[in-house]
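Step one of this worksheet: look at the structure below.
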Amino acid sequence: MKAVCWHGKNDVRVDTVPDPSILNPRDAILKITSTAICGSDLHLYDGYIPTMQKGDILGHEFMGEVVDKGSEVKNLNKGDRVVIPFTIACGHCFFCNRDLWSLCDNSIPDGKIVEKAYGHTPSALFGYSHMLGGYAGGQAQYVRVPFADTAALKIPEGLTDKQVLFLTDIFPTGYQAAEYCNIQPGDTVAIWGCGPVGQFAIRSAYMLGAQRVIAIDRVPERLAMAREGKAETINYEEIDAGEALKEMTGGIGPDSCIDAVGLEAHGTGLDAFYDKAKQSLRLETDRPTALRQAIVACRKGGTLSIPGVYGGFVDKFPLGALFSKGLTVKTGQTHVHKYLKPLLERIQKGDIDPTFVITHEMSLEEAPQGYEIFKHKRDNCIKIVLNP
Ligand code: NAD
Ligand code: ZN
């Protein structure tokens, strides 16, 4: 089959690789019908994750048709059309039982390497390096889905791929980020980053009752899309975001702040970290600008919600301000499994049409150009869907 493979920093290629097959009784094989490129893929493309190996298949946002299944997968049939969460979870451990799916204890076959770096084992992810399980991703024609009986959401007839594809990741991620803010009537939520995750966070904050959402980015098209989602916007290259937020909130600051940026790879000159990253699992950066701004801007007693991905040690973190203001911090990989059904219902009810975020559709063969366009935000790109 054809698959998008990682070959190094800024180097992905469409290779011919062996088809996946059933390895465990709870596996299923999907024929991929749609898959997307995510901001998290850019961390791999930027070379920040040192446990990627040449030839690893990328992609964690995908859906498709069940073409084969293991003997223990009783709730799926060949031909079923399903969406799969980007996190891999067994469905039965201490954490899965508490709806903490992205903290599953059983999905990384060799958790030692992560244990060494972090002192614990998180859940595995599709297409996200050997540190996180080494599972082949879904930017491919076929993929093996472990624990398919627990993972798969069957899609009812009448919904297109594009309407439901983002249930795999960015819709639940934006939604969880907003839910973490415990939004009260009258609240103002500030969101750093108007990429796909930020866009879903804006709409989710309103769905959860925010009175005002203020979105911060530097890319005009992304800010325009944020305004279409009823956000007020700040271009941080034109004005000081911290000052502007203070002014817009009568000096008190937003009730909650969402960092939907994470590792700031783009245009911030972080190339040097690549070499560091290769040497160890520790990423050190003194440039978490968005995160720092969010802590400083948030009102006393407010909430800081961090869906943006960070790795290793992040320095120059204003822990003093965070402590002194009594902020609540919520963060982590999204517990996607938990949101599949409720968010599918919201799509069916018409609360949101997730297709708004798609600016590009391409074939799988065009993925290398897709990564370049998405990384550099060329051609007004916000979200790319690949059709294998
Ligand atoms: P993206 O790269 O398309 O968007 C990031 C946006 O942040 C860009 O528009 C960029 O211009 C903007 N930005 C950069 N520096 C900024 C700053 N200092 N202030 C304000 N904006 C700034 O990525 P995305 O797909 O939207 O993902 C966003 C983040 O969420 C990434 O870190 C991604 O890895 C992470 N993510 C996390 C989860 C999770 O489970 N927690 C899931 C998916 C994605
Ligand atoms: Zn993603």
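Position 1 is the first residue of the sequence; numbering continues from there. Both counts, for ligands and for their atoms, begin at 1 and track the order of listing. Basis for what follows: all heavy atoms, side chains included, without hydrogens, waters or symmetry-related copies.
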**Prompt:** Hey, does V197 come in under 3.5 Å of ligand 1, counting only N/O atoms on both sides?
**Reply:** yes
**Prompt:** Which is closest to atom 15 (N) of ligand 1 by heavy-atom distance: F374, W192, Y236, Y310?
**Reply:** Y236
**Prompt:** Hey, do the aromatic rings of Y45 and F374 have their centres closer than 6.0 Å?
**Reply:** no
**Prompt:** Would you say V309 and L291 are hydrophobically clustered, going by side-chain heavy atoms of ILVMFWY under 4.5 Å?
**Reply:** no
**Prompt:** Is T289 in polar range of ligand 1, meaning some N or O pair under 3.5 Å apart?
**Reply:** no
**Message:** Here's one to test your reading of the geometry: is the NZ or CZ of R346 within 45 degrees of the ring axis of F171 and under 6.0 Å from its centre?
**Reply:** no
**Message:** For Q199, which part has a heavy atom under 4.0 Å from ligand 1: side chain, backbone, both, or neither?
**Reply:** neither
**Item:** G332 to ligand 1, any heavy atom closer than 4.0 Å
**Value:** yes
**Prompt:** Looking at ligand 1, does K377 have a heavy atom less than 4.0 Å from it?
**Reply:** yes
**Asked** Given T168, T173, D217, which has its nearest heavy atom closest to atom 11 (O) of ligand 1?
**Response** D217
**Asked** Which of the atoms in ligand 1, numbered in the order shown and given with their element, are less than 4.0 Å from a heavy-atom of R222?
**Response** 1 (P), 3 (O), 4 (O), 8 (C), 9 (O)
**Item:** Residue pair T173 / T334, side-chain donor-acceptor N/O under 3.5 Å
**Value:** yes
**Request:** With heavy atoms only and a cut-off of under 4.0 Å, state how T334 meets ligand 1: side chain, backbone, both or neither.
**Result:** both
**Request:** Just jot down the ring pair (Phe, Tyr, Trp, His ring centres under 6.0 Å) partners of Y339, sequence neighbours excluded, or say none.
**Result:** Y175
**Item:** ligand 1 N/O within reach of Q293 N/O, cut-off under 3.5 Å
**Value:** no
**Request:** State whether the side chain of T233 and the backbone N or O of L223 hold a donor-acceptor pair below 3.5 Å, judged by distance alone.
**Result:** no
**Request:** Run down the list G174, G308, A215 and name the one with the heavy atom closest to atom 30 (O) of ligand 1.
**Result:** G308
**Request:** Indicate whether the side chain of K330 and that of N182 have a donor and an acceptor atom separated by less than 3.5 Å.
**Result:** no
**Request:** Check step by step if side-chain contact (heavy atoms from CB on, under 4.5 Å) holds for I29 and D27.
**Result:** CA-CA 7 Å; I29 304 294; D27 288 351; 5.7 Å; no
**Joint cluster assignment, L319 & L327, ILVMFWY side-chain distance < 4.5 Å** = yes
**Item:** Residues, nucleotides or ligands: over 12 heavy atoms within 6.0 Å of K154 NZ
**Value:** yes
**Prompt:** Out of G198, P307, G39, A260, whose heavy atom sits nearest atom 5 (C) of ligand 1?
**Reply:** A260
**Total protein N, O or S atoms, the Zn ion (ligand 2), separation less than 2.8 Å** = 4
**Prompt:** Can you find a side-chain donor-acceptor pair between H92 and N106 that sits under 3.5 Å?
**Reply:** no
**Prompt:** Short N/O distance, under 3.5 Å, between P196 and ligand 1?
**Reply:** yes
**Request:** Report yes or no: does a heavy atom of D169 sit under 4.0 Å from some atom of ligand 1?
**Result:** yes
**Asked** If you measure every N/O of L42 against every N/O of ligand 1, is any gap under 3.5 Å?
**Response** no
